[in-house]
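Since the structure comes first, as structure tokens, the remarks are kept for the end.
Every value quoted in this text rests on a predicted model; they were computed, and no experiment measured them.
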Amino acid sequence: MDGLLKVKGSCVCALVCPFVSLSLCLVSVCLNVCVPVRCFLCLSLLLPFSLAPSIPCSLPLSLSASFTSSLSSSPLCLPTCLSVLFCLSVCLCYFVCVVCLHLCLFLCLSLSVSAFVCVSLIVYGCVRMRLCTLTLCAVSCSWFYRIRPSVVHKPFKRIEQGYLTNKFTDWYPNPNQLRWLPFSLPGPDDRKDFVQGLCTVCGAGEPCSRNGLAVHMYLCNASMHNKAFYNSDGDFLIVPQQGSLNLTTEFGKIYVDPNEICVVPQGIRFSVDVAGPSRGYILEIYNGHFQLPNLGPIGANGLANPRDFLTPVASFEDRTVAEGYSIVSKFQGALFSATQEHSPFDVVAWHGNYVPFKYNLANFLVINSVSFDHIDPSIFTVLTCPSQKPGVAVADFVIFPPRWTVQQHTFRPPYYHRNCMSEFMGLIYGRYEAKEEGFLPGGASLHSMMTPHGPDAAAFSKASTDKLQATRVADGTMAFMFESSFSMAVTRWAEETCGRLDHTYYKAWQPLTSHFNHEWKPESKKQDG
């Protein structure tokens with residue numbers, strides 16, 4: 001009887017322990033307990049095996065004598081053997097499931113992992129750690145692992161916003177072709193950083209309903225000292241024209257030269273350092289985010305290739321600021337400032353795909369006609385923000401890079417046209433082929449919806465008489481266009497205050513004359529024979 005109780009006790013212990021440990025493993029997964037804890041619980045499945053030598057076992061009489069003999073000489077009993085086999089199979093299935101799950105997440109989400117310091121600080125498979133190593137705390141915004149949460153700051157207060165605005169109906173509409181001379185930079189006695197130098201040129205819509213866009217200039221000559229900025233209204237696409245920008249972001253550092261662009265998504269904090277007077281263009285979108293255009297029949301490669309976009313590597317500073325660190329927020333078109341006692345760039349590591357990035361325009365793979373006709377400039381689209389209407393965009397970022405032109409029987413420059421889109425153009429350097437005079441680096445032009453425009457008289461004359469042969473176009477030049485399906489309105493700063501509007505722009509087309517001859521007839525073809 002005593003031996004029978006021992007047998008029953010050993011069977012119960014050997015068969016129940018795996019189910020208890022397995023239940024704990026499943027609970028740990030549901031509670032999102034990190035992987036090392038789950039591994040420990042899985043190993044606990046082997047508990048019956050460790051207890052087996054101390055548990056005697058009696059066998060049923062129906063077993064063969066040889067099998068009974070071999071078991072009696074072994075420290076393992078039958079229930080223990082079954083338990084061990086069960087445990088090993090459960091462990092194997094668990095680890096296979098975990099590996100497959102994480103592999104699928106990696107392949108589907110294409111998450112980029114960046115851990116600059118101590119990779120072991122991020123427990124793989126655990127994004128919401130209950131207890132963070134080295135007092136780190138996890139923040140759910142493309143998954144930051146930062147020293148302090150960004151919520152540690154004093155209340156925001158409204159500050160002066162200069163010529164930055166989203167009130168596009170406060171000034172009179174103007175359907176004319178508009179061109180600006182290079183926008184003036186602040187003088188040495190007028191120190192302005194990136195935020196203070198933001199000036200709105202034109203735009204449409206408004207950020208409260210997340211619908212529309214704005215075009216700004218940044219005109220600055222000072223770095224942002226103990227100051228960071230983030231845009232609650234939308235994404236910034238930054239196009240430097242003069243001077244390089246050294247951006248410090250929550251994800252790391254990005255250095256942007258002229259002929260490169262940088263995109264800072266909505267809500268990402270960043271600071272800008274400059275080495276001298278700096279000027280550039282900004283396209284802000286309130287709808288969605290920038291993405292690569294659909295290549296369609298082009299196929300896998302062409303235009304801006306994904307491999308050429310660069311993201312920062314995690315870089316942090318654990319720095320307290322006694323005088324206070326300013327956090328400036330652009331919220332519903334207005335500027336607000338809050339202070340905190342530490343640097344916001346304290347992200348030790350991050351992973352995700354909601355990140356700032358940069359792109360070198362020299363890497364653009366140009367697509368063009370090799371037979372006849374001028375192709376629509378959409379073939380030069382680098383990034384786009386699609387609208388809900390197929391075929392048109394909230395905004396396209398288009399460039400006109402150096403390229404070959406080989407079309408036959410064709411007027412090769414852009415044709416004269418009216419457009420259902422608004423076209424804002426800027427020039428980073430060089431001379432734009434359709435307007436080699438008057439359109440200068442650091443300046444801009446705006447051709448509004450359905451307002452006619454095209455090459456100036458000099459460009460028309462040259463393109464009409466040049467020999468049609470393979471020719472290089474735009475060498476030493478980089479012009480670009482912000483194109484939108486919105487009807488963009490200019491601000492008072494752009495039309496009056498800045499003093500850079502070229503009131504003689506309309507004269508560029510006045511020398512164009514008629515070349516029509518109503519008496520001209522095509523030569524008749526000679527008949528054979």
Side-chain angles (χ1 to χ4, degrees), residues 137 139-142 144 146-171 186 189-201 203 205-236 238 245-251 264-274 278 282 284-286 316-347 356 491-493 497:
C137 44
V139 178
S140 176
C141 182
S142 199
F144 287 165
R146 64 191 318 149
I147 299 171
R148 302 173 187 84
S150 56
V151 73
V152 183
H153 62 79
K154 296 178 181 178
F156 283 97
K157 297 180 180 179
R158 189 161 184 173
I159 60 175
E160 176 63 34
Q161 64 188 74
Y163 297 109
L164 181 67
T165 183
N166 68 330
K167 308 297 183 183
F168 302 117
T169 58
D170 287 354
W171 190 241
D189 297 330
D190 184 18
R191 305 292 288 172
K192 289 185 177 180
D193 61 29
F194 179 86
V195 176
Q196 295 167 333
L198 290 174
C199 302
T200 306
V201 179
E206 50 86 30
C208 292
S209 61
R210 300 299 307 277
N211 188 43
L213 76 164
V215 176
H216 314 284
M217 296 295 300
Y218 69 84
L219 308 165
C220 61
N221 58 1
S223 299
M224 296 170 62
H225 178 65
N226 288 337
K227 182 178 181 180
F229 171 81
Y230 71 95
N231 183 8
S232 301
D233 297 334
D235 290 8
F236 266 5
I238 304 172
L245 301 181
N246 190 1
L247 274 67
T248 301
T249 76
E250 293 176 281
F251 291 81
V264 182
Q266 177 187 13
I268 303 304
R269 297 179 176 184
F270 66 98
S271 181
V272 179
D273 290 341
V274 297
S278 300
I282 298 176
E284 178 185 14
I285 55 171
Y286 306 143
F316 74 95
E317 53 184 29
D318 186 5
R319 180 168 63 93
T320 57
V321 183
E323 64 272 23
Y325 202 106
S326 298
I327 306 295
V328 179
S329 170
K330 180 179 177 291
F331 179 75
Q332 296 183 5
L335 294 184
F336 298 83
S337 179
T339 58
Q340 59 188 47
E341 296 180 354
H342 64 278
S343 168
F345 306 118
D346 58 353
V347 177
T491 62
R492 183 171 186 173
W493 176 84
T497 311

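- The shortest non-hydrogen separation linking Val347 to Phe316 is O-CB, 3.2 Å.
- In this structure, OG in Ser326 is found 11.0 Å from NZ in Lys154, a value given to the nearest 0.5 Å.
- Take Thr497 and apply the side-chain hydrogen bond (donor to acceptor under 3.5 Å, both in side chains) test, not counting sequence neighbours, and it matches no residue.
- The heavy-atom pair separating Ala228 from Pro344 by the smallest distance is CB-CG, 3.9 Å.
- Applying the salt bridge (Lys or Arg N to Asp or Glu O under 4.0 Å) test to Asp193 and every residue at least two apart in sequence or in another chain returns Lys227.
- Residues meeting the side-chain hydrogen bond (donor to acceptor under 3.5 Å, both in side chains) test with Asn226, sequence neighbours left out: Arg319, Glu323.
- Atom CZ of residue Arg492 and atom CH2 of residue Trp171 lie 4.5 Å apart, to the nearest 0.5 angstrom.
- Taken to the nearest 0.5 Å, the OH atom of Tyr230 stands 12.5 Å off from the CZ atom of Phe270.
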### Query
Passes side chain to side chain contact (heavy atoms under 4.5 Å, CB included), Val264 versus Leu247? Steps please.
CA-CA 10 Å; Val264 182; Leu247 274 67; 4.0 Å; yes
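- Within the structure, every pair that satisfies the side chain to side chain donor-acceptor pair (under 3.5 Å) test and touches residues 205-219, not counting sequence neighbours, is listed here: Thr200-His216, Glu206-Ser209, Arg210-Gln266, Asn211-Asn287, His216-Glu284.
- The shortest distance between side-chain heavy atoms of Phe251 and Ser142 falls below 4.5 Å.
- Annotation for Ser232 and Ser329: closest pair OG-OG, 3.4 Å, computed over non-hydrogen atoms.
- The closest side-chain heavy-atom distance from Thr320 to Tyr325 is not below 4.5 Å.
- Taking CG of Leu164 as the reference point, atom CG of Leu198 lies at 5.5 Å (rounded to 0.5 Å).
- Across every non-hydrogen atom of Cys199 and Leu219, the tightest pair is SG-CD1, 4.5 Å.
- Between the OG1 atom in Thr491 and the CG atom in Asp170 there is a gap of 10.5 Å [rounded to 0.5 Å].
- The closest side-chain heavy-atom distance from Gln340 to Ile327 is below 4.5 Å.
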### Task
Evaluate the side chain to side chain contact (heavy atoms under 4.5 Å, CB included) criterion for residues Phe345 and Ser271: first the C-alpha distance (whole Å), next the side-chain angles of each, then the deciding distance (0.1 Å), finally the verdict.
CA-CA 9 Å; Phe345 306 118; Ser271 181; 3.9 Å; yes
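- Contact check for Val274 versus Cys220: side-chain heavy atoms found under the 4.5 Å cut-off.
- Side-chain atoms of Asp346 come within 3.5 Å of backbone N or O of Arg148 as a donor-acceptor pair.
- In this view, Phe156 and His153 satisfy the ring pair (Phe, Tyr, Trp, His ring centres under 6.0 Å) rule, not counting sequence neighbours.
- Counting non-hydrogen atoms of neighbouring residues, nucleotides and ligands closer than 6.0 angstrom, the CD atom of Gln161 exceeds 12 such neighbours.
- The number of heavy-atom neighbours closer than 6.0 Å to CZ of Phe331, taken from other residues, nucleotides and ligands shown, is 12 or below.
- Proximity of Asn221 to Arg191: side-chain heavy atoms (C-beta onward) are separated by under 4.5 Å at one or more points.
- In this structure, CD1 on Ile282 lies 9.0 Å from CG on Asn231, to the nearest 0.5 angstrom.
- For Asp233, the salt bridge (Lys or Arg N to Asp or Glu O under 4.0 Å) test picks out Lys330, with sequence neighbours left out.
- Relative orientation of the Phe229 and Phe236 rings is parallel, given thresholds of 30° and 60° on the angle between their planes.
- For the pair Glu250/Arg146, a side-chain contact is recorded, criterion being any heavy-atom separation below 4.5 Å from C-beta on.
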